[in-house]
Novice: 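Here you go, one structure.
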Number of protein chains: 2
Amino acid sequence: MTILFAYPDNEKQAASLVKEAGYEMGAIKTHHFPDGESLVQLETDVKGRDVILFCSLDHPDSKAMTVMFFAQTAKELGAKSVGLIAPYLGYMRQDKRFHEGEAVTSNIFAAFISKHFDSLITVDPHLHRHKDMNEIYTIPAKVVHAADAIAVWVKDNIENPVLIGPDEESDQWVSDVAKKAGVPYTVLTKTRHGDKDVEVSVPEIDKYKDHTPVLVDDIISTARTMMAAVKHLKEAGMTGPVCIGVHAVFAGDAYRALEDAGAGRIVTCNTIPHLTNAIDVSDLIAQNL
Amino acid sequence: MTILFAYPDNEKQAASLVKEAGYEMGAIKTHHFPDGESLVQLETDVKGRDVILFCSLDHPDSKAMTVMFFAQTAKELGAKSVGLIAPYLGYMRQDKRFHEGEAVTSNIFAAFISKHFDSLITVDPHLHRHKDMNEIYTIPAKVVHAADAIAVWVKDNIENPVLIGPDEESDQWVSDVAKKAGVPYTVLTKTRHGDKDVEVSVPEIDKYKDHTPVLVDDIISTARTMMAAVKHLKEAGMTGPVCIGVHAVFAGDAYRALEDAGAGRIVTCNTIPHLTNAIDVSDLIAQNL
C-alpha cells in the first residue's frame, strides 16, 4: 500500500485524499531552525514501499530544501518510488527569458523537481508558453483539472450566473467551466501599459446586466488582474462579482485588497490552504492516482 | 579574466576580493517576489568566461533556489565554468542520522551544490564527523582557514591574552590560533544534559586569572555554548571574555543574549555580514583562488 506523507500545511487535505485513495498516512516531522536551515524526519518505515509527498508548492523557496531532503532520504531508506503531489506548482510563470540574462525559472525548477521525484501530480498548472508539462518535466507529470469541481460549485451556489474571464489568458479556464456548467461566458480584453498599469478596454457584458457576474481565473496572486476586472464590471453597472480562483496564492495583502476593491465573494479551490477554500478537489486528485 | 558576481548581502566583501584578485565584478539582479518565488538576472555577459558566485550560505533555504538559478543560467548563457565562494557554508552540522528516519542534510545539500557548481571555496566549514570536504562534495572544494587572521587580530588587539575553547569540539580552532599567535590556551569540558541544558564542568583556568580571556569558536549560532563559557569564566573570577567566532550566524536574538550574558567584546570574521565583523578574511580567500 502506498504511503502518503503530508507537508505540515497540507495535512488536512492530505487526510481526505488518503481516505479517498485507500492509502496509508505516513508520519513526518519537519523543523525549521532559527538559523534558516531545515530538517525532515520520516517516522514511518518506507523500505520497499511506494511513497508520495503531498506538498503544495506555493512559497517554493521556503519549501524546496525540505522537499529535496524528504525525497533523497526516502530513497536512502529504501522506498521503491517517491512521488510528489503538488496541488499548486510554483515557478510556472517565468517560462521564457523576458530580459537578457534572466533565469528561465520554470525550466530550472522543473529539472530540480524531476531530479528528486519519480512522478508528479498537480492541479491546473499555469501553462502558457509551455503547452504541456512534458516540455519541462522529465518525469511523468499528470495534470488534474479543477473545472469540473468549479462548474458544480457555480451551478449549486450562484443564481443566473455569467462567467467572466478577467483577461485573454483566462479564456481556457472560463470557457471550459462555462461549458461544463451550461452557463454563458465572456472574456474581458486587457491592455497592459506597464507592470502595475492594467487597463481593461473591451467590455462586451451589456447583455448580461441582469446576471450574477462570476470572475474565474487560475491563480490569484497579486490579485491585480481580478481587481481591475471587478472595477470594470462595477463601472459597467454590475454588482460586485463572485471571484473564483483555482489557486489562492494571495501574495502579501492581495486578499484584503481584492475585498476592498468590491469583490462580492471570493472563492478558491483547496490547492493552497486559505480561508477562501470552498471547492474541494481531493476527489479529482484521487481519480488521477 | 574571471567574473565575480556577488549575492546582494555580500557585495561589500566581494568588492574587496575582486580588488585583491584582479577579477572583474559582474552585475547581478536578484528579486524575491511576495509570492515566495525568486528571479535572478545576470547583467554581465558570461559567454566563454569563468564565472564565480560569491554567496555566503547562512540562511541557506532562502538562498538555495536563487543560487541554483544563477548557476544554471550562467551555464545556459555559455559560461566556461561556474564556481561558488561561500565564506560560510550551511548544512554542515547534520552530518549523521541522529534519529531513525532523519535526513542527513549535510550530504544531500553537498550533492545539491556539487550538481550545480564546478568548484567551491569556503572558510572553516564545520567538519566534525566528516573529516574532509571531499567525503561529501564531489567537486573540488578548497578550505580557507581563518586562524591566521584571528591570530593577528588577537596579537594586535588583546593584552596578555589566554585563548579558551568553549568545548572540546573547538580544540582544533583554539590550539591552531594559539600556536600562530604564540599565546597560551585551554579548553573547557562540556557535559550536555539535553538540547538546552549544557554544563561546563572542567575549569583549568586558575593559573590564567591575570590574563584576558579570549573565547574562540567556529560558529556562533544560538550562542548557547559561548554563553555557558562566559558564565563559567565569570564564576571563576575572570573578567567578561572577548568572544571570537569565525562565523556570525547569530540565530534569532542570540547576539543580544550573548551580550547580556556578560561577554566583554564580540568579534567575528566577515564570512557573514554582521556588525561584529572585525577580522577580514578577504586576502586569505584571495590567496586560495
Side-chain angles (χ1 to χ4, degrees), chain A residues 26-46 57-66 68-74 76-77 90-94 97-105 107-109 111-112 115-116 219 221-222 249-254, chain B residues 26-46 57-66 68-74 76-77 90-94 97-105 107-109 111-112 115-116 219 221-222 249-254:
Chain A
I28 184 177
K29 260 191 199 160
T30 61
H31 187 67
H32 301 285
F33 296 98
D35 65 1
E37 300 189 0
S38 299
L39 185 60
V40 64
Q41 185 179 9
L42 284 63
E43 297 184 301
T44 306
D45 186 13
V46 298
L57 287 173
D58 57 299
H59 298 89
D61 284 13
S62 66
K63 298 177 183 176
M65 290 296 99
T66 301
M68 174 177 79
F69 295 145
F70 173 90
Q72 292 305 115
T73 303
E76 285 170 24
L77 297 174
Y91 281 119
M92 288 298 290
R93 281 173 286 182
Q94 177 79 9
R97 216 182 302 288
F98 293 95
H99 303 95
E100 211 178 327
E102 268 182 8
V104 186
T105 56
N107 298 23
I108 302 172
F109 191 74
F112 170 77
K115 175 171 169 54
H116 296 290
I219 303 174
S221 181
T222 61
V249 174
F250 290 119
D253 62 353
Chain B
I28 184 177
K29 260 191 199 159
T30 61
H31 187 68
H32 301 286
F33 296 98
D35 65 0
E37 300 189 1
S38 300
L39 184 59
V40 65
Q41 184 181 9
L42 284 63
E43 298 185 299
T44 306
D45 185 13
V46 298
L57 287 173
D58 56 299
H59 297 88
D61 284 14
S62 66
K63 298 176 182 176
M65 290 295 100
T66 301
M68 173 178 79
F69 294 145
F70 173 90
Q72 293 304 116
T73 303
E76 286 170 24
L77 297 174
Y91 281 118
M92 287 298 291
R93 282 174 284 183
Q94 176 79 11
R97 216 182 301 288
F98 293 95
H99 304 96
E100 210 177 329
E102 267 182 5
V104 186
T105 56
N107 299 22
I108 302 172
F109 191 74
F112 170 75
K115 175 171 169 56
H116 296 291
I219 302 174
S221 181
T222 61
V249 173
F250 289 118
D253 63 352

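Because only heavy atoms are used, hydrogens play no part in the values below, and waters and symmetry mates are left out as well, while side chains stay in. Order of the sequence lines sets the chain letters (A, B, ...), proteins ahead of strands, with each chain counted from 1.
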Novice: Measure the spacing between NE2 of A:His116 and CD1 of B:Ile108 and express it to the nearest 0.5 Å.
Specialist: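 It comes to 9.0 Å.
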
Novice: When rounded to the nearest 0.5 angstrom, what distance separates CE in B:Met68 from OG1 in A:Thr105?
Specialist: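 Going from the CE atom of B:Met68 to the OG1 atom of A:Thr105 covers 9.0 Å.
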
Novice: For residues 97-104 of chain B, which side-chain donor-acceptor pairs fall under 3.5 Å, sequence neighbours excluded?
Specialist:
{"residue": "B:Arg97", "atom": "NH1", "partner": "B:Glu102", "partner atom": "O", "Å": "2.6"}
{"residue": "B:Arg97", "atom": "NH2", "partner": "A:Glu76", "partner atom": "OE1", "Å": "3.0"}
{"residue": "B:His99", "atom": "ND1", "partner": "B:Glu102", "partner atom": "OE2", "Å": "2.8"}
{"residue": "B:Glu102", "atom": "OE1", "partner": "B:Gln94", "partner atom": "NE2", "Å": "2.8"}
{"residue": "B:Glu102", "atom": "OE1", "partner": "B:Phe98", "partner atom": "N", "Å": "3.3"}
{"residue": "B:Glu102", "atom": "OE1", "partner": "B:His99", "partner atom": "N", "Å": "3.4"}

Novice: So, applying ring pair (Phe, Tyr, Trp, His ring centres under 6.0 Å) with A:Phe69, which one of B:Tyr91, B:Phe109, B:Phe112 is it?
Specialist: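 Testing A:Phe69 for a ring pair (Phe, Tyr, Trp, His ring centres under 6.0 Å) against B:Tyr91, B:Phe109, B:Phe112 leaves exactly one candidate, B:Tyr91.
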
Novice: Output the option from A:Leu39, A:Leu77, A:Ile28 having the highest count of non-hydrogen pairs under 4.5 Å with chain B.
Specialist: A:Leu39

Novice: Under a 4.5 Å heavy-atom cutoff, which of B:Val249, B:Leu42, B:Asp58, B:Asp35 has the most pairs with chain A?
Specialist: B:Asp35

Novice: Please classify the contact of B:Ser38 with chain A as side chain, backbone, both or neither, using a heavy-atom distance under 4.5 Å.
Specialist: both

Novice: Under a 4.5 Å heavy-atom cutoff, which of A:His59, A:Glu37, A:Met65 has the most pairs with chain B?
Specialist: A:Glu37

Novice: Pick one of side chain, backbone, both or neither for A:Val40, based on which atoms fall under 4.5 Å of a heavy atom in chain B.
Specialist: both

Novice: Does any heavy atom of chain B fall under 4.5 Å from the side chain of A:Lys115, the backbone, both, or neither of them?
Specialist: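 The side chain, not the backbone.
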
Novice: Looking only at heavy atoms, what is the nearest atom pair of A:Pro60 and B:Gly36, with distance?
Specialist: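 Minimum heavy-atom separation between A:Pro60 and B:Gly36: CD-O, 3.5 Å.
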
